[in-house]
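Reviewing the structure listed below.
Within every chain, numbering begins at 1; the chains are lettered A, B, ... in the order of the sequence lines, protein sequences first and strands thereafter.
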Amino acid sequence: MQESVRRRVFPVVLILTAAFLGLYSFGVYKAYQSIDPFATESIGNGGEISLVDTQVLFSATLFGLSIFAVLFLGTVLAIFLTHAVVRGDAERGLLQPLVVRPVGRAALLAGRFGAAALVCAVYVILVYTASLLITHWVTGWWPDQIFLPAIELAVAIAVLVGISLFGSILLSSIANGIAIFMVFGAGLVAGLLGQIGEALNSDSLNTIANVASWALPFEALYQDALNRITSDTEGFTKVALSLGPFGGAQPAGAWLWPWVVVYLAALGLIGLWAFNRKDL
Amino acid sequence: MAAFRAQGLAKRYGNVTALGGVDLEVGEGELVGLLGPNGAGKSTLVKIACGLVRASAGSAEVAGAPAGSATARASLGYLAELFRFPGWYNADELLALHQRLAGSEGGADERAELLDLVGLSEAKTRKVEDMSKGMQQRLGIAQSLVGKPRLLFLDEPTSALDPVGRRTVRSLLEELRRRGVSVLLNSHLLSEVELVCDRVVILSKGLVVAAGRTEELARPRGVEVDTDEGTKLFESARREDAPKIVADLVGAGQNVYGVRVLETTLEEIYLEAVEGETS
Ligand SMILES: Nc1ncnc2c1ncn2[C@@H]1O[C@H](COP(=O)(O)OP(=O)(O)OP(=O)(O)O)[C@@H](O)[C@H]1O
Ligand SMILES: [Mg+2]
């Protein structure tokens, strides 16, 4: 069941990924050519002249962009793999012969989650690594943290896999696919709102962003991953980064990890409850 | 202990009553045909038995275990009315998957035997997506037999099969009977059911409207004789009366061209039972 799921989607995702990596290499290379890495850019700050490390600013922003793309591509893959797992497959008659076997619904659901989360995690880590190497190869820059952001992205996708599987129990496959994309978009918008809120010191915007990252923890994980790539960068470079859409996002609190576990477990339990009651 | 027993089984989908309290039993080693017009609730009953659908009321037991429990599911084989297998599996891989899920240790021998039973040996490595509908249905039947279940639920197993395929399934059912497997067979093909089933149950609008042994349901309907004066029907006559009727007619100087002993067919019983439903 697992290996077969992969076969169906693999070509599409492979082409998308190759297109992204090609574009990304080309873009980073061209962009890097157009700036002078040794020049310093100045921003005015009350008469003082402060220096920003252009190379770091540039590399981190581009890499931030690629992390967004990794999350996006991972989401596409996750949706592909899971959007129709319950209702869609039941409507097509794929699910019934499996559910009748003694392994049962819980094992089936867990198996689907595990397989999809694993495939997506491997995929996300591979694309992340490829972007990392491309960025380094062009600019010579390494992020401040390399491993944790990759893990966080993989877990963020696992959360999306969980949400998508959960949705597939309640919604028809098309409705679920659209819903998950909207949830994904909502998460990102909330994250950007949070950044704007930070910049403007707006409490209400910050509250919205906070609630959203609890409700959709993949967003908090993504933000934390973004934050980690420049976690040790200081001074005005950091300030400049944090103004951009892909830089200097918010670190997550210590509660993020336990919350992700609780969140997935709750999704799983409620999902299983709904699945068990469902007529197929 | 009955292989399958339903008591007062009812199912409502919203305000549609699919089953309105059905009692039905399939004995050990018995082949029972479940008949009824479209929408009578046949598939619903089988789905409840397999744990796919939750009953609204009543109880269903498979080999003594509540329908839907893991024990119950472990002892049955099921061919759904509408099913599909993932297109990228070939016949052999699909059976292997179901062997894994059913915990069958039959290995390659079991798979080869099953494919042979349904006449798919030739297509062992053919992908499901490259199979015709009837071939997929044959594969579905093979799938339902994985793990040697003691009880089979077949929901219209021959709907897509060619005449030879139907014949194959008929002999397969007879073979299963020899092995003591119990079968509940949903079908619209009355002649088929008449030929293989020990007993039939006719559902209409979610209720049992007729049930009985196949031969009990078939009542004598007289003897028909073709003579010079046309066809004569002797309504109260039976098979043993035929020689005398012919002798009398010949004695009276008539030529006899043909004699038929009439019985009500399952079709007539069926039409009578679901009267007004089907038109
Ligand atoms: N998932 C469902 N939701 C709502 N109503 C349903 C559902 N499944 C079946 N029904 C209704 O339940 C009734 C019985 O359906 P069922 O499929 O059991 O009939 P059937 O006897 O198998 O018919 P057929 O000979 O056409 O296969 C029908 O009125 C049908 O419309
Ligand atoms: Mg049916």
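Counting heavy atoms from C-beta outward, Arg92(A) and Leu82(B) have side chains that stay 4.5 Å or more apart. Counting heavy atoms from C-beta on, the side chains of Phe85(B) and Pro97(A) come closer than 4.5 Å. Contact check for Arg73(B) versus Val103(A): no side-chain heavy atoms found under the 4.5 Å cut-off. Using a 4.5 Å heavy-atom threshold, the side chains of Leu280(A) and Val53(B) count as separate. Residues Arg54(B) and Asp279(A) meet the side-chain proximity criterion, which asks for heavy atoms closer than 4.5 Å.
More than 12 non-hydrogen atoms from other residues, nucleotides or ligands lie less than 6.0 angstrom from CZ of Arg177(B). In the displayed structure, Phe20(A) atom CZ is contacted under 6.0 Å by more than 12 heavy atoms of other residues, nucleotides or ligands. Atom CH2 of Trp214(A) sits in a crowded spot, with more than 12 heavy atoms from other residues, nucleotides or ligands closer than 6.0 Å.
Using a 4.5 Å cut-off between heavy atoms, Phe83(B) contacts chain A through both its backbone and its side chain.
By number of non-hydrogen pairs under 4.5 angstrom with chain A, the leading residue of Ala72(B), Ala102(B), Ala80(B) is Ala102(B). Contacts with chain B were tallied for Arg105(A), Arg277(A), Lys278(A); Arg277(A) has the most, counting heavy-atom pairs under 4.5 Å. Counting heavy-atom pairs under 4.5 Å between each of Gly103(B), Ala74(B), Ala70(B) and chain A puts Ala74(B) at the top. Between chain A and the options Arg84(B), Gln143(B), Lys11(B), the largest number of non-hydrogen pairs under 4.5 Å is found for Arg84(B). Each of Gly104(A), Gly93(A), Ala90(A) has some count of heavy-atom pairs under 4.5 Å with chain B, and the biggest count is that of Gly93(A).
Once rounded to the nearest 0.5 Å, the distance linking CZ of Arg100(B) with CZ of Arg101(A) reads 12.5 Å.
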